[in-house]
Every structure is written in C-alpha cells, then in structure tokens.
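Below is one structure. I have some questions about it.
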Amino acid sequence: MSTVAELLRLNLHGVFGNRDAAQRREAAARAYSPGVVLTDPEGTVVGPEAVLSSAERLLKDAPEEFVLVEDGPAYISETTGVLPWAFGPAGAPAVRGLDLITVDDGAITSLTVLLAEA
C-alpha cells in the first residue's frame, strides 16, 4: 500500500510528467482508485481512464522540452497531500500549480489541480 507522499509523486512524475504511455498507464493503475475524481481548470472527470486522457492531452500539447517538476515541499497528513509543481522548460516554468490529493486505502480518490495566478 502506497503512502500519501508516494502517491503525490507517482501522480506527478509517473502519470502527468511521463511521456511514455505504457509507463503512464502502469503508474495510474497503482495510483488511482477506480472512481478517482479529477478536478482541474478544464472541469471534472471520473475514473483512471479519464485521468490518463487528461495527462495525455497535457503532454501531447506541450513542447518536448517542457518538464513537470516539484516546486517546493510536499505537505501531507494521513489521508491528504499537497505538492507544488512547475511545468515548462527546465529552470523557466511556464506555469506553476498545486496538486491536492485525497487518499483512501492506499489509492488516490480525488485529485484537485490548482493553478497559480499569472
């Protein structure tokens, strides 16, 4: 069973920051509950397949030099975690945000993505 800290990083690096579709799918299988809910500025979707589609769209539309990196410390409790991130060319992020997850029984049940004001 994964910890909140492990799941935060698996979501960021294994799913949303991973350009390899097979590895993304494997990470999603380990990270998300069957009914995971993702809420981001584009709306709300339900299920691991919908989360994978969101990650695929993000990476497909981003230039190859864009990377997703941790942008500060993680904040965690027993069932909740927050991880700041940055996305863009290394050292020059185009956007910053936070992932807020809720975890139950070792899997992410909800993921909320918040973007920093421009």
Side-chain angles (χ1 to χ4, degrees):
M1 187 171 351
S2 297
T3 67
V4 171
E6 290 167 341
L7 289 167
L8 277 169
R9 290 177 175 92
L10 183 59
N11 173 70
L12 186 73
H13 301 295
V15 178
F16 283 89
N18 191 339
R19 292 189 181 269
D20 181 287
Q23 289 177 5
R24 249 192 338 264
R25 182 166 296 286
E26 181 183 309
R30 294 190 337 255
Y32 306 122
S33 71
V36 63
V37 176
L38 164 65
T39 303
D40 66 14
E42 295 182 7
T44 299
V45 297
V46 178
E49 288 299 321
V51 175
L52 281 167
S53 292
S54 293
E56 182 179 353
R57 269 193 315 279
L58 171 73
L59 294 168
K60 183 180 81 168
D61 293 342
E64 279 293 317
E65 68 270 11
F66 273 43
V67 292
L68 192 56
V69 298
E70 295 177 34
D71 195 36
Y75 298 86
I76 58 171
S77 73
E78 195 171 307
T79 60
T80 306
V82 176
L83 184 64
W85 51 261
F87 188 58
V95 65
R96 285 187 158 91
L98 296 170
D99 287 342
L100 167 64
I101 64 169
T102 303
V103 174
D104 186 34
D105 200 25
I108 297 171
T109 57
S110 72
L111 165 61
T112 301
V113 178
L114 304 171
L115 299 181
E117 287 186 327

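The figures that follow rest on heavy atoms only: side chains count, while hydrogens, waters and symmetry mates do not.
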Can you tell which of Val82, Asn11, Leu38 makes a side-chain contact (heavy atoms from CB on, under 4.5 Å) with Asp99?
-> Asn11
To the nearest 0.5 Å, tell me how far Leu8 CG sits from Leu100 CG.
-> 9.0 Å
If a pair satisfies ring-ring contact (aromatic ring centres under 6.0 Å, His included) and one of its residues is in residues 76-118, list it, with sequence neighbours excluded.
-> Phe66-Phe87
Drop me the distance from His13's NE2 to Asn18's CG, to the nearest 0.5 angstrom.
-> 11.0 Å
What are the two closest heavy atoms between Ala28 and Val15, and how far apart are they?
-> N-CG2, 3.8 Å
Distance, nearest 0.5 Å, that separates CG of Asp104 from OG of Ser33 | 8.0 Å
Other residues, nucleotides, ligands: >12 heavy atoms within 6.0 Å of Glu78 CD | no
Least distance between heavy atoms, Leu10 atom then Ala31 atom | CD2-CB, 3.7 Å
Does anything in residues 18-53 pair up under ring-ring contact (aromatic ring centres under 6.0 Å, His included), and if so which pairs, sequence neighbours excluded?
-> none
Which pair of heavy atoms, one from Arg19 and one from Pro63, lies closest together, and at what distance?
-> NH2-O, 2.9 Å
By side chain to side chain donor-acceptor pair (under 3.5 Å), Thr80 pairs with (sequence neighbours left out) none
Compare every heavy atom of Leu83 with every heavy atom of Ala74, then report the nearest pair and how far apart it is.
-> CB-CD1, 3.7 Å
Name each donor-acceptor pair under 3.5 Å that joins a side chain in residues 108-118 to protein atoms two or more places apart or in another chain, with its distance.
from	atom 1	to	atom 2	distance (Å)
Thr109	OG1	Thr102	O	3.2
Ser110	OG	Thr102	OG1	3.1

Nearest heavy-atom contact between Pro73 and Pro84 is O-CD, 3.1 Å
Kindly list each side-chain donor-acceptor pair under 3.5 angstrom involving residues 45-59, sequence neighbours excluded, with atom names and distances?
from	atom 1	to	atom 2	distance (Å)
Glu49	OE1	Arg25	NH1	3.4
Glu49	OE1	Arg25	NH2	3.3
Glu49	OE2	Arg25	NH1	2.5
Ser53	OG	Glu49	O	3.1
Ser54	OG	Ala50	O	3.3
Ser54	OG	Arg57	NH2	3.3

For the residue pair Glu6 and Ser2, what are the closest heavy atoms and their distance?
-> OE1-CA, 3.3 Å
Tell me the salt bridge (charged side-chain N to carboxylate O under 4.0 Å, His left out) pairs involving residues 28-38, sequence neighbours left out?
-> Glu26-Arg30
Return yes if some donor-acceptor pair links the side-chain N/O of Asp40 with the main-chain N/O of Gly43 below 3.5 Å, else return no.
-> yes
Using the rule that two of Ile, Leu, Val, Met, Phe, Trp, Tyr join whenever any of their side-chain heavy atoms come within less than 4.5 Å, decide whether Leu98 and Tyr75 are in one cluster.
-> yes
